[in-house]
Amino acid sequence: MDKLFEQYSDLEIIHKIIEGDVKLFEILIRRYNSFLYRIGRTYRYNHEDTEDLMQDAYINIYSNLKKFENRSSFKTWLTRIMLNLCYQKKHKLSFRNEVSGNGIQNKKSGILFHHSTNNEKIAMNKELGRVLENAIHEIPEDYRVVFSLRELNGLSVAETAQALDISESNVKVRLNRAKTMLRTEIKKMYSPQEIFEFNLVYCDGMVNRVMARIYELKKLENEIR
């Protein structure tokens, strides 16, 4: 599976899944887990809610793979689906573990960093991640989402504009304004990979959850036939 992870493009994997090689969907999950996680956390959802949204996004994607027309990149399509789910959840549901008004997240949904075995560095990374996440949460949503897609998730200006259905110039303006809203000392410490990380432990769990559901759907499809 590791060789396949690097060998095939998203589009090639999609074609193989449509042809019946369903297990390859795992590659797409592992490829975009961190990406989707950052989007969910940008909307201030806690860890558990974000995982639920990610699972819904993957099932939605799997169910509609045959409709993917490659007019935009798979990444952009995936982004729009996740953004739409985040938007729907925000406007329809109340959250027991929603971030409090002062921007401090529920301890139960804390982010874990495992970049080093050095306890002091781990503690520093945790604190840095918490400070940065809280600072980003203080930015108005329109700017926060653009900042997340461009800086944390690495989308291009064009991809971000397409995902949010705004102009490229608007993306640039929002990104610049988002940056000016962050305190100078926080920007100096800024490390994208240390914010909203989706740990490998969680990655495996997400793969198992989604693939189990996909195999259930596949079984139902076969029974109907």
Side-chain angles (χ1 to χ4, degrees), residues 10 28-54 57-58 61 72-87 89-90 99 103-105 109-116 124-166 168 170-203 206:
D10 291 342
L28 297 179
I29 300 172
R30 293 190 181 278
R31 225 171 241 184
Y32 291 104
N33 264 340
S34 292
F35 182 80
L36 293 188
Y37 188 75
R38 293 186 192 110
I39 292 176
R41 296 293 280 166
T42 297
Y43 274 84
R44 300 183 180 182
Y45 298 140
N46 64 29
H47 176 77
E48 291 79 8
D49 287 329
T50 299
E51 282 198 319
D52 290 342
L53 285 164
M54 290 166 66
Y58 284 129
I61 290 160
S72 59
S73 70
F74 176 73
K75 193 179 208 179
T76 301
W77 185 52
L78 178 69
T79 300
R80 292 181 71 96
I81 289 174
M82 185 64 176
L83 287 172
N84 187 49
L85 288 171
C86 288
Y87 179 84
K89 186 173 183 68
K90 178 183 175 183
V99 178
I104 300 176
Q105 66 182 40
S109 63
I111 298 171
L112 303 178
F113 302 98
H114 297 290
H115 298 312
S116 169
M124 183 178 68
N125 284 342
K126 286 182 180 179
E127 179 62 17
L128 174 59
R130 185 187 67 80
V131 171
L132 290 172
E133 184 172 351
N134 287 340
I136 292 170
H137 280 166
E138 294 302 314
I139 299 173
E141 185 176 293
D142 286 347
Y143 303 110
R144 188 170 67 243
V145 173
V146 168
F147 182 86
S148 175
L149 295 181
R150 287 283 291 120
E151 295 294 312
L152 304 185
N153 281 327
L155 263 65
S156 67
V157 172
E159 288 173 328
T160 303
Q162 191 169 23
L164 296 176
D165 197 22
I166 59 179
E168 292 186 19
N170 203 336
V171 169
K172 295 175 183 178
V173 168
R174 291 188 189 184
L175 179 60
N176 287 333
R177 288 181 180 173
K179 287 181 177 180
T180 61
M181 291 175 186
L182 295 174
R183 293 180 300 172
T184 301
E185 60 269 27
I186 292 179
K187 287 194 290 182
K188 289 179 180 178
M189 293 188 296
Y190 172 55
S191 174
Q193 67 270 23
E194 289 181 336
I195 305 176
F196 306 144
E197 279 298 323
F198 195 69
N199 191 273
L200 288 176
V201 175
Y202 299 131
C203 187
M206 181 57 60

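Computed from a predicted model, the values in this text were never measured in an experiment. Numbers for residues simply follow the sequence, beginning at 1. Keep in mind that the numbers below use all heavy atoms, side chains included, and drop hydrogens, waters and symmetry copies.
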Colleague: Taking only residues two or more places apart in sequence, or in another chain, which ones meet Glu168 in a salt bridge (Lys or Arg N to Asp or Glu O under 4.0 Å)?
Modeller: none

Colleague: Between the main-chain N or O of Leu78 and the side-chain N or O of Tyr32, is there a donor-acceptor pair closer than 3.5 Å?
Modeller: no

Colleague: Counting C-beta onward and ignoring hydrogens, is there a side-chain heavy-atom pair between Met82 and Phe35 closer than 4.5 Å?
Modeller: no

Colleague: Could you tell me the separation between the CZ atom of Arg38 and the CG atom of Asn33, rounded to the nearest 0.5 Å?
Modeller: 10.5 Å

Colleague: Is it true that a side-chain atom of Asn153 and a backbone atom of Leu155 form a donor plus acceptor pair closer than 3.5 Å?
Modeller: no

Colleague: Which heavy atom of Ala57 sits nearest to which heavy atom of Leu36, and what is that distance?
Modeller: CB-CD1, 4.2 Å

Colleague: Is it true that Arg31 and Asp10 have a side-chain N and a carboxylate O under 4.0 angstrom from each other?
Modeller: yes

Colleague: Is a donor on one side and an acceptor on the other found under 3.5 Å between the side chain of Arg174 and the backbone of Tyr143?
Modeller: no

Colleague: Rounded to the nearest 0.5 Å, what's the gap from CG on Asp52 to CG on Leu85? Could you check?
Modeller: 11.0 Å

Colleague: Would you say the ring centroid of Tyr202 lies under 6.0 angstrom from that of Tyr37?
Modeller: no

Colleague: Give a yes or no answer on whether the side chain of Asn84 reaches the backbone of Arg80 with a donor-acceptor pair at less than 3.5 Å.
Modeller: no

Colleague: Are Tyr43 and Leu83 side-chain neighbours, meaning at least one heavy-atom pair lies under 4.5 Å?
Modeller: yes

Colleague: Would you say Tyr45's side chain and Lys90's backbone share a donor-acceptor pair under 3.5 angstrom?
Modeller: yes

Colleague: Could you give the distance from CG (Asn176) to CZ (Arg150), rounded to the nearest 0.5 Å?
Modeller: 10.0 Å

Colleague: Working to the nearest 0.5 angstrom, can you tell me the gap between Ile136 CD1 and Phe147 CZ?
Modeller: 4.5 Å

Colleague: Going by salt bridge (Lys or Arg N to Asp or Glu O under 4.0 Å), name the residues that satisfy it together with Arg144, two or more places apart in sequence or in a different chain.
Modeller: Glu141

Colleague: Of all residues at least two apart in sequence or in a different chain, which pass the side chain to side chain contact (heavy atoms under 4.5 Å, CB included) check with Gln162?
Modeller: Ser72, Thr76

Colleague: Compare all side-chain heavy atoms of Tyr58 with those of Leu28 and state whether any distance is below 4.5 angstrom.
Modeller: no

Colleague: Distance check, rounded to the nearest 0.5 Å: Leu164 atom CG versus Thr79 atom OG1?
Modeller: 8.5 Å

Colleague: In Å, rounded to the nearest 0.5 Å, how long is the span from CE of Met54 to SG of Cys86?
Modeller: 10.5 Å

Colleague: Find out whether Thr160 and Val157 are in side-chain contact, i.e. whether some heavy atom of one side chain is under 4.5 Å from a heavy atom of the other.
Modeller: no

